[in-house]
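Encoded as structure tokens, the structure appears first; notes follow it.
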Amino acid sequence: MRISVEGTNRLRLRAAARVVQTGGLIAYPTEAVYGLGCDPHNETAVRRLLALKRRPVHKGLILIAADFAQLAPFLQPLTPADRVHLAATWPGPYTWLLPARPDTPHWLRGRHETLAVRVTAHPLAAALCRACGHPLVSTSANFSGRPPTRSALAVRRQLGTTIDYLLPGPTGGAARPTEIRDLRSGRRVRGG
């Protein structure tokens, strides 16, 4: 499915970025499902997101970005071989566990020494990251135990007023949430 940001109301994109920058929670389309996101630097926003999802902080979260430069401040330096390996999959529907910097907030990485990150291939999600000027926390926009949402209407029905903004648009059409792999071991952690 081809998704164009040109057809998206740029005012909505700017409004979503303002909500993120002021500590709000937003829902937005990604490669397979709607994502629930916030500013990864804002501990209050992240904890609100975790409470909404009923997700324990020790599990860690995924960050999505428009490009690798947005993720670099959270990560240990990578080897040239690692960069080549990642470049072959990004932008794309691949989430990687990469070694986190020691000062990466625990509310992002949980009890792990790695951080789950993705350079998104979804044009609207990437445009949103660019509008925010940083990556976004990205988890499925649904209550724990409920199916992930795949449309703006499904988000409204399930999450209603528990979020601060809904950026409508089509998902990327992927059948399942993105695969997660550990870069060092190559082990698949989820999906695929």
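Atoms considered below: every heavy atom in the structure, side chains included; atoms not considered: hydrogens, waters and symmetry mates.
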Task: Steps toward salt bridge (charged side-chain N to carboxylate O under 4.0 Å, His left out) verdict (Arg109, Glu113) - done: CA-CA 7 Å; Arg109 60 182 168 78; Glu113 293 180 5; over 6 Å; no
Task: Value rounded to 0.5 Å, distance of NE2 in His106 from NE2 in His58 - done: 13.0 Å
TODO: Verify, without hydrogens or angle tests, whether Asp182 (side chain) and Arg187 (backbone) share a donor-acceptor contact under 3.5 angstrom.
DONE: no
TODO: Would you check if Tyr28 and Leu166 make a side-chain contact, meaning some heavy-atom pair closer than 4.5 Å?
DONE: no
Open item on the list: What's the separation between atom CG in Leu108 and atom CG in Leu115, rounded to the nearest 0.5 Å?
Closed with: 6.0 Å
Task: Side chain proximity check, Ser144 to Lys53, heavy atoms < 4.5 angstrom - done: no
- [ ] Examine distances only and state if a side-chain atom of Arg101 and a backbone atom of Leu75 form a donor-acceptor pair shorter than 3.5 Å.
- [x] yes
TODO: Verify, without hydrogens or angle tests, whether Tyr94 (side chain) and Ala88 (backbone) share a donor-acceptor contact under 3.5 angstrom.
DONE: no
Open item on the list: Do Tyr165 and Leu25 make a side-chain contact, defined as non-hydrogen atoms from C-beta onward lying under 4.5 Å apart?
Closed with: no
Open item on the list: Below 30° counts as parallel, above 60° as perpendicular, anything between as tilted: where do the rings of His41 and Phe74 land?
Closed with: tilted
Open item on the list: Counting C-beta onward and ignoring hydrogens, is there a side-chain heavy-atom pair between Gln70 and Ile64 closer than 4.5 Å?
Closed with: no
TODO: Would you tell me whether Thr95 and Arg118 have side-chain atoms, one donor and one acceptor, within less than 3.5 Å of each other?
DONE: yes
Task: Flag, side chain of Arg130 to backbone of Asp67, donor-acceptor distance under 3.5 Å - done: no
Task: Contact check, side chains of Ser138 and Thr30, non-hydrogen atoms, under 4.5 Å - done: yes
Open item on the list: Whether the side chain of Thr22 engages the backbone of Arg18 through a donor-acceptor N/O pair (distance < 3.5 Å, no angle test) should be reported.
Closed with: yes
TODO: May I ask you to check whether Thr120 and Glu31 show a side-chain donor-acceptor distance below 3.5 Å?
DONE: yes
- [ ] Could you tell me whether a side-chain N or O of His134 sits under 3.5 Å from a main-chain N or O of Asp39, the two making a donor and an acceptor?
- [x] no
Open item on the list: I want to check something: taking the side chain as every heavy atom from C-beta on, are Arg184 and Thr114 in contact at a cut-off of under 4.5 Å?
Closed with: no
